[in-house]
Asks: 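Structure below; questions to follow.
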Amino acid sequence: MAAQYDLTSKMIPFLDLHLVFPLLEFLEINELFYTPTTLLEARYELSLKTSMIDLIDKLHGELKDAGVTPAPIELVERRKEVLEKLMNSQTEAQKVMDVIENPEVISALRQDKLQNLQFLKDNYGMTTEMIQTLYKFGQFQYSCGNYGGAADMLYHYRVLSTDDTLGLSALWGKLASEILSGNWDVAFEAIQELKEIIDKTHFASPLHQLEQRTWFLHWSLFVFFNHSKGRDAVVDFFLQPAYINTIQTSCPWILRYLTAAVVTNKRRKNLLKELVKVIEHETYQYRDPITEFVEALYVNFDFDLAKQKLAECEEVLENDFFLVSMQEEFIQNARCFISETYCRIHQKIDVAELSQTLNMTKEEGEKWIVNLIRDTKVDAKIDYKENTVLMNNNTQSVYQQIIERTKGLSFRSQVLATSIEKREAAQLKAAQHEKNHPSTVVSETATKA
């Protein structure tokens with residue numbers, strides 16, 4: 001069952017090849033879906049597209065040990081070429097670094113990049129081509145697997161560069177470097193900056209912007225599911241109209257991660273209705289046990305199906321690279337959702353029946369329900385004799401709801417009227433002042449001019 005819900009093959013086309021390595025390693029370590037030899041061969045083929053000679057050599061040896069005979073490669077000569085290129089790139093980049101690390105230069109640089117470039121050109125003979133050596137060196141270091149050095153070079157390049165296209169490319173590279181280095185705070189800042197640039201940039205075509213947003217959705221998962229504020233960001237970013245459109249158009253499987261983030265995020269529980277609408281709309285294009293659980297509970301109100309899907313969710317979460325760490329939290333919150341929905345519908349609840357719906361034993365269910373009533377302060381009492389929970393549904397009548405809403409409308413109208421009166425009074429006062437002191441107004445206007 002779980003293999004059909006593996007998203008690795010769907011996500012790889014939207015990831016940089018260096019970001020694919022952790023996904024393949026996760027599958028290999030946990031012995032999931034593919035044979036170890038198949039995954040080893042996939043990692044080896046990927047490594048050949050990089051300049052990580054030591055990794056290529058290591059995987060080449062492991063393939064031989066596994067009884068596979070890979071195509072012969074000349075690693076000695078290739079290692080020599082990589083080292084030579086690395087030294088030459090470093091020499092060229094160091095010329096620029098020596099200048100920009102000069103305290104006098106640091107104090108002279110301003111926010112205006114064009115002004116900075118002109119200053120560096122006039123005083124140090126620096127050209128655009130010289131600044132691009134930082135980009136090339138950072139790019140090559142990334143290919144070699146030196147992610148810390150790559151992030152540093154790409155950062156300096158973006159500080160100086162006036163090339164928006166290469167600047168955006170450098171930001172993608174820096175983000176990947178920070179992800180692979182595990183610098184989640186810095187990566188989180190880079191994600192926010194990247195989103196702002198993607199949303200504000202006028203790309204050559206809408207298709208190009210769609211592509212950028214699709215890549216953003218996939219790359220951001222590494223950050224959002226490893227940062228303390230990440231799940232808030234998933235909900236806040238992914239539910240924006242532009243990104244919902246991107247999910248619907250290019251990558252509906254991202255709904256799995258949006259759903260998981262909402263279910264495990266009590267601070268964004270108010271957005272559950274919006275999520276349900278999206279899931280219901282996309283159910284014919286994409287579905288898995290996680291989205292089907294929400295659909296069963298909030299669209300169909302089918303508790304038996306929700307129970308079945310929750311059991312399937314455990315396996316899907318356990319086998320998902322991004323969600324494995326939140327498996328227990330998801331199950332706990334999902335049970336809360338089932339309990340709350342069940343309690344809203346029923347006035348008298350059989351504890352044994354609810355425990356079965358939650359995939360729990362009778363004893364576990366009793367403890368769970370007691371804790372739920374205590375923690376959520378639900379107006380209910382437990383009848384231990386009959387082993388039931390009695391809900392006190394103090395539902396307002398329709399007339400009382402209308403009265404309450406009318407009171408709210410009246411209050412908001414009063415606030416609006418007061419605000420308009422204050423604005424009109426301020427305008428009247430300003431007009432009176434201008435009438436009584438015309439010379440002062442003319443003088444102030446001339447001073448500003």
Asks: Which heavy atom of Ala176 sits nearest to which heavy atom of Leu19, and what is that distance?
Replies: O-CD2, 4.4 Å
Asks: For the pair Asp54 (side chain) and Asp57 (backbone), establish whether a donor and an acceptor sit closer than 3.5 Å, ignoring hydrogens and angles.
Replies: no
Asks: Return the minimal non-hydrogen interatomic distance between Ala93 and Thr133, and the atom names on each side.
Replies: CA-OG1, 3.9 Å
Asks: For the atom pair NZ (Lys307) and CZ (Phe293), what is the distance rounded to the nearest 0.5 Å?
Replies: 13.5 Å
Asks: Do Tyr135 and Asp163 pair up side chain to side chain, a donor and an acceptor below 3.5 Å, judged on atom types alone?
Replies: no
Asks: Looking at Arg43 and Glu28, is any side-chain nitrogen of the basic one under 4.0 Å from a carboxylate oxygen of the acidic one?
Replies: yes
Asks: Go through the steps for Glu274 and Lys277 under the test salt bridge (Lys or Arg N to Asp or Glu O under 4.0 Å), then give the verdict.
Replies: CA-CA 5 Å; Glu274 192 172 342; Lys277 289 179 184 177; over 6 Å; no
Asks: Hey, is the main chain of Leu40 close enough, under 3.5 Å, to the side chain of Glu62 for a donor-acceptor pair?
Replies: no
Asks: Please work out whether the ring planes of Phe224 and Phe237 are parallel, tilted or perpendicular, with thresholds of 30° and 60°.
Replies: perpendicular
Asks: Using 0.5 Å steps for rounding, measure from the CG atom of Asn319 to the CG atom of Leu27.
Replies: 9.0 Å
Asks: Would you call Lys80 and Glu84 a salt bridge, using N to O less than 4.0 angstrom?
Replies: no
Asks: Between Lys113 and Leu160, is there a donor-acceptor pair closer than 3.5 Å when you use the side chain of the first and the backbone of the second?
Replies: no
Asks: Can you confirm whether Phe337 sits close enough to Tyr298 that some side-chain heavy atom of one is under 4.5 Å from a side-chain heavy atom of the other?
Replies: yes
Asks: Decide side chain to side chain contact (heavy atoms under 4.5 Å, CB included) for Asp152 and Lys174; before the verdict, give the C-alpha distance in whole Å, the side-chain angles of both, and the deciding distance to 0.1 Å.
Replies: CA-CA 8 Å; Asp152 189 43; Lys174 186 177 186 304; over 6 Å; no
Asks: Does Trp215 reach the main-chain N or O of Trp172 with its side chain, forming a donor-acceptor pair under 3.5 Å?
Replies: no
Asks: Just do the ring pair (Phe, Tyr, Trp, His ring centres under 6.0 Å) check on Phe216 and Tyr243 with the steps written out, would you?
Replies: CA-CA 10 Å; Phe216 172 88; Tyr243 289 88; 5.6 Å; yes
Asks: In terms of heavy-atom contacts, does CG of Asp65 have more than 12 from other residues, nucleotides or ligands at under 6.0 Å?
Replies: yes
Asks: Below 4.5 Å, heavy atoms only, C-beta onward: do Ile290 and Leu317 meet side chain to side chain?
Replies: yes
Asks: Over all heavy atoms of both residues, which pair between Leu154 and Ala170 is shortest? Give the atoms and the distance, please.
Replies: CD1-O, 3.8 Å
Asks: Checking the side chain of Thr38 only, and the main-chain atoms of Tyr34 only, is there a donor and an acceptor separated by less than 3.5 Å?
Replies: no
Asks: Once you round to the nearest 0.5 Å, how far does CD1 of Ile279 lie from OG1 of Thr259?
Replies: 3.5 Å
Asks: Has the side chain of Asn333 got a donor or acceptor atom that lies under 3.5 Å from a matching backbone atom of Val263?
Replies: yes
Asks: Does any N or O in the side chain of Gln327 come within less than 3.5 Å of the main-chain N or O of Glu314, such that one atom is a donor and the other an acceptor?
Replies: yes
Asks: Check Leu134 against Met153 and note the closest heavy-atom contact, atom names and distance.
Replies: O-CB, 3.6 Å
Asks: Indicate whether the side chain of Arg287 and that of Thr283 have a donor and an acceptor atom separated by less than 3.5 Å.
Replies: yes
Asks: Given Trp253 and Asp288, is the side chain to side chain contact (heavy atoms under 4.5 Å, CB included) satisfied, shown in steps?
Replies: CA-CA 9 Å; Trp253 51 86; Asp288 64 28; over 6 Å; no
Asks: Can you confirm whether Leu175 sits close enough to Val223 that some side-chain heavy atom of one is under 4.5 Å from a side-chain heavy atom of the other?
Replies: yes
Asks: Please check if the side chain of Gln209 supplies one atom and the backbone of Ile198 the other of a donor-acceptor pair under 3.5 Å.
Replies: yes
Asks: Closer than 4.0 angstrom, basic N to acidic O: yes or no for Asp199 and Lys195?
Replies: yes
Asks: With heavy-atom distances below 4.5 Å as the criterion, would you say the side chains of Val276 and Lys273 are in contact?
Replies: no
Asks: For atom CD of Gln285, is the number of surrounding heavy atoms from other residues, nucleotides or ligands below 6.0 Å larger than 12?
Replies: yes
Asks: Side chains of Tyr157 and Phe137: does their closest heavy-atom pair fall under 4.5 Å?
Replies: no
Asks: Do Leu194 and Leu168 pass the side chain to side chain contact (heavy atoms under 4.5 Å, CB included) test, and can you show the C-alpha distance, the side-chain angles, and the key distance before you say yes or no?
Replies: CA-CA 8 Å; Leu194 181 60; Leu168 179 57; 3.6 Å; yes
Asks: Heavy-atom count around His281 NE2 within 6.0 Å, excluding the residue itself: above 12?
Replies: no
Asks: Say you draw a straight line from CG of Leu166 to CD of Gln139; how long is it, rounded to the nearest 0.5 Å?
Replies: 8.5 Å
Asks: Are Leu310 and Ile338 side-chain neighbours, meaning at least one heavy-atom pair lies under 4.5 Å?
Replies: yes
Asks: Is any side-chain heavy atom of Arg335 less than 4.5 Å from a side-chain heavy atom of Ile331?
Replies: yes
Asks: How far does CD of Glu292 sit from CG of Asp302, to the nearest 0.5 angstrom?
Replies: 11.5 Å
Asks: Return yes if some donor-acceptor pair links the side-chain N/O of Thr249 with the main-chain N/O of Thr246 below 3.5 Å, else return no.
Replies: no
Asks: Looking only at non-hydrogen atoms, find the nearest pair between Phe330 and Thr264 and report the distance.
Replies: CA-CG2, 3.6 Å
Asks: Can you check whether Glu178 reaches Asp185 side chain to side chain, under 4.5 Å on heavy atoms?
Replies: no
Asks: Which of parallel (below 30°), tilted (30 to 60°) and perpendicular (above 60°) describes Phe26 and Phe321?
Replies: perpendicular
Asks: Find the distance between CG (Leu83) and OG (Ser51) and round it off to the nearest 0.5 Å.
Replies: 10.5 Å
Asks: Going through the distances and angles, do Gln90 and Gln141 end up as a side chain to side chain contact (heavy atoms under 4.5 Å, CB included)?
Replies: CA-CA 9 Å; Gln90 184 174 8; Gln141 285 199 93; over 6 Å; no
Asks: Let's go through Arg78 and Glu74 carefully: what are the C-alpha distance in whole Å and the side-chain angles of both, what is the deciding distance for salt bridge (Lys or Arg N to Asp or Glu O under 4.0 Å) to 0.1 Å, and is it a yes or a no?
Replies: CA-CA 6 Å; Arg78 188 171 175 185; Glu74 185 49 66; over 6 Å; no
Asks: Pair Phe222, Phe322 - check ring pair (Phe, Tyr, Trp, His ring centres under 6.0 Å), show working.
Replies: CA-CA 7 Å; Phe222 288 92; Phe322 297 104; 4.9 Å; yes
Asks: Assess whether a salt bridge exists between Glu329 and Arg231, defined as any Lys/Arg side-chain N lying under 4.0 Å from an Asp/Glu carboxylate O.
Replies: yes
Asks: If I compare all heavy atoms of Ser220 with all of Phe238, which pair ends up nearest, and what's the gap?
Replies: OG-CZ, 3.5 Å
Asks: Answer yes or no: is there an ion pair linking Glu129 with Lys136, defined by an N-O contact shorter than 4.0 Å?
Replies: no
Asks: Check for a donor-acceptor pair, side chain of Arg256 on one end and backbone N or O of Tyr5 on the other, with a separation under 3.5 Å.
Replies: yes
Asks: With no hydrogens and no angle check, do the side chains of Gln192 and Glu196 hold a donor and an acceptor under 3.5 Å apart?
Replies: no
